[in-house]
Amino acid sequence: MKKSSKTITMPRGYLFSAAEAGLRTHGTGPDVALMYSTFPARVGALFTTNRVKAAPVLLSQKNLRDNKHTCQAILVNAGNANCSTGPQGMQTAKACVRRAADLLGLKRNQVLAASTGVIGVPLDAAKITGLLPSLVRRLHPEGYKGASKAILTTDRKTKVASRSLMVDGSRINILGFSKGAGMIYPRMATMLGFFFTDAAVEPRFLQSATRRMTDLSFHRISVDGDTSTNDSVFVMANGQAKNTPIRARTREAEKFLETLTELAQELAIRMVKDGEGAKKVAEIRVMGARTEAQAEAIARAIGLSPLVKTALAGADPNWGRILSAAGNAGVPLNPDRVDIYINRMLVFRAGAAAEFDEAAAVRQLRKKSVLIRVVIGKGSAQVRFWTCDFTEEYVRINAEYRT
């Protein structure tokens, strides 16, 4: 994966703003953000697979259906998930979206909603609607900086990046930012993820590209194995680059998907690095599988294992935990054909422990970034998955989250 440039390249036609509504349980700072395309945009979107879905998720799904996956604005708040509060939750989401649409001169189904924070606490709509006139007045391209802060909960850092590419003789720009540090096991997307491009993209391809880039990025990370009620990812494409619309199964489509995925992977890895209490990141690379699905199942099982994650925290080269997790993935696995490496050090080979310097292995595991490579056969399929260590700090943060 290419390294991200520190310079953010802005896509044409997008404005952002942020403000503080006092929604956070802990701390202060912006907690409401408005994201606006000055032109109607096609939208690719995915939402949580959790059977318990927050009101903003349900409302955004409905608005996208009603408006044929086109919108112009997204209204986001942090500090309150607006989930499981009865009919009031949907009434609040609708009231906020309605007010934003009226101020922007849009139809109500042209505005989407997203929330993140504590579940089960009623959200006061007036705290958000009262800020909206100011948010609309202060919309600006550079407002993404405040917006990327306003979506955070227990995150320590913002996660913002951009990419550019040439398509059909036109320069295409993509901006992305996300949030997530806990309750991260995206069996859909991420806690919240937003992507904005000035590319013209055919609607069906945009949705399939959103799904594929998510499968290769946010679906390949875990902090704690929990899937949020509010997970949402949006990709807006407003066509202001004036390129011929990108269609599936073309060279332009391949380039666009590759760039979008690279950007999403960067943000996903930043989320793992920012995991609650995390001190190190591990990339799990499963190789030699017969199919991608087989490799993914094994990588996911290793990345989700609390025993593997606590071994990472303690710098314990306990390859038995890695092998056990791989064998519990629910797919065929012959341990006599498995090799396990910690960084470049072979620790398990063909069904038995390999001779290795345990002190050197401990030193490898003390690094902030660790590669766990598991070769399971001679197949051509391989998968990358990212996880972090489990520390005492994770327990402290989540024990005190509501109080």
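All heavy atoms count here, side chains included; hydrogens, waters and symmetry mates do not. Quantities reported herein were computed from a predicted structural model and do not represent experimental measurements.
Contact detail for A18 and A147: the closest heavy-atom pair is CB-N, 3.8 Å. Across R270 and T158, no two heavy atoms sit closer than the pair NH1-O, 4.5 Å. Shortest non-hydrogen contact noted between P141 and M10 is O-CE, 3.3 Å. What you find for G79 and T153 is that their closest heavy atoms are N-CG2, 4.2 Å.
K159 and S148 form no side-chain donor-acceptor contact under 3.5 Å, judged by distance and modelled atom types alone. Of the N and O atoms on the side chains of S115 and N77, at least one donor lies less than 3.5 Å from an acceptor on the other residue.
A donor-acceptor pair under 3.5 Å is absent between the side-chain atoms of H69 and the main chain of R42, judged by distance alone.
No salt bridge links R247 with E202; every basic N to acidic carboxylate O contact stays at or beyond 4.0 Å. A salt bridge links E292 to R212: at least one charged side-chain nitrogen sits closer than 4.0 Å to a carboxylate oxygen.
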| request: Starting from the C-alpha separation in whole Å, work towards a yes-or-no answer on salt bridge (charged side-chain N to carboxylate O under 4.0 Å, His left out) for K368 and E283. | output: CA-CA 11 Å; K368 290 185 177 181; E283 177 184 330; over 6 Å; no
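For K367, the side chain to side chain contact (heavy atoms under 4.5 Å, CB included) partners two or more places apart in sequence, or in a different chain, are N343, Q364. Residues forming a ring pair (Phe, Tyr, Trp, His ring centres under 6.0 Å) with F194 (at least two apart in sequence, or on another chain): F177, F234. With sequence neighbours excluded, the residues that form a side chain to side chain contact (heavy atoms under 4.5 Å, CB included) with S134 are R137, R138.
Taking the six-membered ring where the residue is Trp, F196 and F16 present perpendicular rings, their angle passing 60° and hence far from 30°.
Geometric assessment of R373 against the ring of Y341 yields a positive cation-pi assignment under the 6.0 Å and 45° thresholds.
Partner of D198 under the side chain to side chain donor-acceptor pair (under 3.5 Å) criterion, chosen from K242, Q240, R12: R12.
Here the side chains of R163 and E266 are in contact, with some heavy-atom distance below 4.5 Å.
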